[in-house]
Amino acid sequence: MSEKNIVLIPGDGIGTEIIAAAKAVCDVAFEKANVKVNWIDKKAGGASIDAYGVPLTEDTIEACKAADAVLLGAVGGPKWDNVDPSIRPEKAILGLRKELGLFCNLRPVKIYPSLQEYSPLKKELVQDVDFVIVRELTGGIYFGEREEAQGEGANEFAWDKETYSRYEVERIMDIAMETARKRNKKVVSVDKANVLASSRLWRKIAQEKAATDYFYVDNTAMQLVVNPAQFDVIVTTNLFGDILSDEGAVISGSIGLLPSASMGTGTALYEPIHGSAPDIMGQNLANPLGTILSAAMMCRHSLDLPQVADAIEKAVEQVLVDGYRTGDIYREGLKRVGTTEMAQAVIERL
Ligand code: IPM
Ligand code: MN
């Protein structure tokens, strides 16, 4: 019997509920596959600020480094909106990315036939959408030098610096090319090379690596709405990837369903792409499917359990076909369920 160590970080808001749901699904799926799991509970984000005064502790970092994978819910909420910028809950995510060397973020955008009608785009445009955004995750303006506002009156100013090195661009391009080889073999590299020096280096390396095409980010934002089905793999910088992946998510019609994987040199981390939704926390209303699908990605990419990943993904698809819906994707005539019932419905189909 194989044994896996997984760190669970519920985080804040609906994080606790969606992580509990994903854990329940995993427990059954792993048991069926004869895999023993040791769950290691850790805090991060607001929950960690409340308990220890900082969003991310050395203890959490060390536990993640030692584990086979990390499954995270979501962090942040209005309760911590006014804390010092140096200890904001988001710092937990950024800190984990840096500490674990998670330079690559995979965000697959896929249309479930049973959810097509929820897309804000016309059915003809979205029915063939199936792409993945490969976002650089530990470089660029997110991790560049910055200075908070200083000076007075109209001269008050602040700045953030965008830097990319050849090494950083090459390794993310390699992952994008590798991802495309296993899919439809088309990589569009996205930058703003008509304005930014860092983007000109980005594009030069994308060309050396023989990406299929090179788009400016503004054009990409437009193409995602006009013809999203043209994309297979999109590789882009940290900031552009953050923005485009929200656009991709909403195109799929169900931001509550989209999983993500962050990987690199250390333990990989899996999380849904939606936030902590404090407005619905603690009410058993949150859609757990994005987290459950993130757990499936974890089985495939970190735990070497592709058959468990397939089983979870198939069960989720079946639950949707069978009409189970949390509030975010509910339509009249379908079965309205809460977080725990949704997880149960998935478990019954494993
Ligand atoms: C995301 C989030 C994070 C980001 C925040 C929470 C720091 O928006 O994972 O997309 O900007 O990367
Ligand atoms: Mn984001």
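The model shown is predicted, which means the values in this text are computed figures rather than measured ones. Atoms within each ligand, like the ligands themselves, are counted from 1 in listed order.
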**Prompt:** Which residue pairs pass the ring-ring contact (aromatic ring centres under 6.0 Å, His included) test when at least one of the two sits in residues 177-207, sequence neighbours left out?
**Reply:** Tyr164-Trp202
**Asked** Hey, does the Lys NZ or Arg CZ of Lys4 hover above the aromatic six-ring of Phe30, less than 6.0 Å from the centre and inside 45° of the axis?
**Response** no
**Item:** Under 3.5 Å donor-acceptor, Arg97 side chain and Phe103 backbone
**Value:** no
Exercise answer, ligand 1 polar atom pairs (N/O) under 3.5 angstrom:
unit_1, atom_1, unit_2, atom_2, d
ligand 1, 8 (O), Asp242, OD1, 3.4
ligand 1, 9 (O), Arg97, NH2, 2.8
ligand 1, 9 (O), Arg107, NH2, 2.8
ligand 1, 10 (O), Arg107, NH1, 3.1
ligand 1, 10 (O), Arg107, NH2, 3.1
ligand 1, 10 (O), Arg135, NH1, 3.3
ligand 1, 10 (O), Asp242, OD1, 2.9
ligand 1, 11 (O), Tyr142, OH, 2.5
ligand 1, 11 (O), Asp242, OD1, 3.4
ligand 1, 12 (O), Arg97, NH1, 2.8
ligand 1, 12 (O), Arg135, NH1, 3.2
ligand 1, 12 (O), Arg135, NH2, 2.8

**Request:** Compare all side-chain heavy atoms of Phe143 with those of Glu168 and state whether any distance is below 4.5 angstrom.
**Result:** no
**Prompt:** Quick one: are Thr326 and Leu289 in side-chain contact, heavy atoms under 4.5 Å?
**Reply:** no
**Asked** Does the pair Glu313/Lys110 count as a salt bridge with the N-to-O cut at 4.0 Å?
**Response** no
**Request:** With the side chain counted from C-beta on, respond yes when Asp232 and Thr212 share a heavy-atom pair under 4.5 Å apart, and no when they do not.
**Result:** no
**Asked** Considering only heavy atoms from C-beta outward, does the side chain of Thr237 approach that of Lys192 to under 4.5 Å?
**Response** no
**Request:** Return the set of protein N, O or S atoms whose distance to the Mn ion (ligand 2) is under 2.8 Å, each given as residue and atom.
**Result:** Asp242 OD1
**Asked** Tell me, which pairs form a salt bridge (Lys or Arg N to Asp or Glu O under 4.0 Å) where one or both residues lie in residues 327-343, sequence neighbours left out?
**Response** Glu117-Arg331
